[in-house]
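Following: one structure in structure tokens, then a few remarks.
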Amino acid sequence: MEYSIEITKLAEHSVPDTKNIPFGKVPTAHMFIAEYNNGGWHNARIVPFADLVLSPLALCLHYGQTVFEGMKAFVMHDGRINIFRMDKHYDRFCKSLDRMCMPNVPKGLFTEAMHQLVSVDADWVPDEDEASLYIRPFMIASEGRIGVKIADEYLFMIVCSPAYQYYTAPLKVKVETEYSRAADGGTGAAKCGGNYGGAFFPTQLARNHGYDQVLWTDARNHDHIEESGTMNAMFYIDDTLLTPSLSGTILDGVTRSSLLAIARNAGMKVEERTITLDELKAAFTAGKRVEAFGAGTAAVVAPIESIAIGTDTYKCYTESDAVMYKLKHMLTDVRRGNVADSFNWNYIL
Ligand code: COI
């Protein structure tokens, strides 16, 4: 073991039934924590889950220096545990940290911490197709100082929570053309807390009008699709899997990337490009079969049943033979080890 991680386990505990508990409400029994100060990482440890002691002056509380990842572990058909796409999540974590002027975590420490924590809480990983252990690595600026500055002290932590379906029914979404999630040159591609907090208000307005989520458009002209709240946006139209290209304002989603690779590998036509509202409206108006879905670690594949663009609402195809469900099954098969991992995505404990 390259990194020394002290492990203090709970004397004993039983794993509660978390199936009907909302996403992210129940943490597993343990958590990982390490401290950054004087230019290095120290005191890496796994301890029983507990509240933090943090100065009210901590910079993360005032200026939003926070970055997180969302990952998942699965029980494979042979009983072993698989942490999915550790490398890609680590790379994205580092990019987000760079954007927020926060120190990187060495890859060995990230990997070892995750390996050890998921091993300690292995009993918490649900063994079902629609279930997994959600893993939340995150970093916060912990230095107590109210002046606006890049912090010199941070906490890197990992917490976990058993996860079932994030969305239990197909979504009604509204194309957002007034508010913006991210503008060119902003932090849209970083997984930083502020991107999510800033989305609450427009999402709440949409919810008040009966929608489940918004579909963000570009901040400049509001004429093409960017991503959906908490997920990347994907479409299947004219035998083609379509998704907005990584323009710098949307998140480089790991589920997005996995579905694109799986589709390409299966010989499907795949396009990453600008998707305009006009083009979507034209497809609906022409009576084409339009599949639309969100792709994300928490949401996996979240079918969209209707899209409101301006004053018109268009119905999407969500029948059981839709291609999005096939893609989801193919992804589940790789993660659960039902098929060979030809992509080299699985980190098996
Ligand atoms: C994820 O899908 O992992 C996310 O981070 C989205 C959301 C739960 C915040």
Side-chain angles (χ1 to χ4, degrees), residues 18 21-28 60 64 66-74 82-97 99-100 110 114 117-118 125-126 130-140 156-168 171 173 181-182 187-204 206-207 212-216 226-234 243 246 249-260 293-304 324 327-328 331-332 335 345 347:
T18 49
I21 295 176
F23 177 87
K25 279 268 248 199
V26 178
T28 59
C60 64
T66 72
V67 157
F68 68 95
E69 268 303 313
M71 302 176 54
K72 277 184 170 171
F74 299 85
N82 167 29
I83 302 175
F84 188 63
R85 299 203 72 176
M86 178 103 86
D87 292 346
K88 183 148 176 80
H89 282 286
Y90 173 75
D91 290 346
R92 188 174 66 179
F93 191 50
C94 292
K95 282 188 189 136
S96 302
L97 293 169
R99 180 64 180 81
M100 298 302 289
F110 184 92
M114 190 132 343
L117 180 61
V118 176
V125 189
E130 293 287 353
S132 58
L133 184 74
Y134 187 78
I135 308 170
R136 172 56 64 89
F138 65 100
M139 194 187 296
I140 58 173
F156 167 49
M157 299 189 60
I158 310 176
V159 293
C160 305
S161 176
Y164 296 83
Q165 277 184 307
Y166 192 83
Y167 294 111
T168 48
L171 306 173
V173 303
R181 175 185 172 274
T187 56
K191 211 160 168 61
C192 56
N195 286 347
Y196 295 79
F200 287 165
F201 183 68
T203 306
Q204 191 53 43
R207 291 219 169 107
D212 300 301
Q213 267 300 344
V214 294
L215 254 185
W216 298 106
E226 294 248 291
E227 64 174 67
S228 182
T230 72
M231 316 172 276
N232 290 106
M234 299 188 111
T243 195
L246 299 176
T249 52
I250 69 171
L251 202 69
D252 178 3
V254 176
T255 307
R256 171 191 181 280
S257 139
S258 306
L259 294 175
L260 292 176
F293 59 100
T297 297
V300 194
V301 166
I304 293 174
M324 60 186 162
L327 288 168
K328 181 180 172 185
L331 177 61
T332 301
R335 306 206 277 199
W345 285 339
Y347 177 97

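In each ligand, atom 1 is the first atom listed, and ligand 1 is the first ligand listed. Numbers here are sequence positions counted from 1.
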May I ask you to decide whether E227 forms a salt bridge with R181, counting only side-chain N to carboxylate O separations under 4.0 Å?
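Answer for the salt bridge query: yes.
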Does E69 come within less than 4.0 Å of K88, counting only side-chain N to carboxylate O?
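Answer for the salt bridge query: no.
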What does the contact table look like for ligand 1 (nitrogen or oxygen on each side, cut-off under 3.5 Å)?
unit_1   : atom_1 : unit_2 : atom_2 : d
ligand 1 : 2 (O)  : T297   : N      : 3.3
ligand 1 : 2 (O)  : A298   : N      : 2.8
ligand 1 : 3 (O)  : Y134   : OH     : 2.5
ligand 1 : 5 (O)  : Y134   : OH     : 3.4
ligand 1 : 5 (O)  : K191   : NZ     : 2.7

Check whether D252 reaches the backbone of R92 with its side chain - one donor and one acceptor, N or O, closer than 3.5 Å.
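No: the side chain of D252 does not pair with the backbone of R92.
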List for me each residue that meets side-chain hydrogen bond (donor to acceptor under 3.5 Å, both in side chains) alongside Y347, sequence neighbours excluded, and say none if there are none.
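Only H115 meet the side-chain hydrogen bond (donor to acceptor under 3.5 Å, both in side chains) criterion with Y347.
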With R136, which residues qualify under salt bridge (Lys or Arg N to Asp or Glu O under 4.0 Å), at least two apart?
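Per chain and number, R136 pairs via salt bridge (Lys or Arg N to Asp or Glu O under 4.0 Å) with no residue.
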How would you list, by chain and number, every residue that makes a salt bridge (Lys or Arg N to Asp or Glu O under 4.0 Å) with R256, sequence neighbours excluded?
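Per chain and number, R256 pairs via salt bridge (Lys or Arg N to Asp or Glu O under 4.0 Å) with E272.
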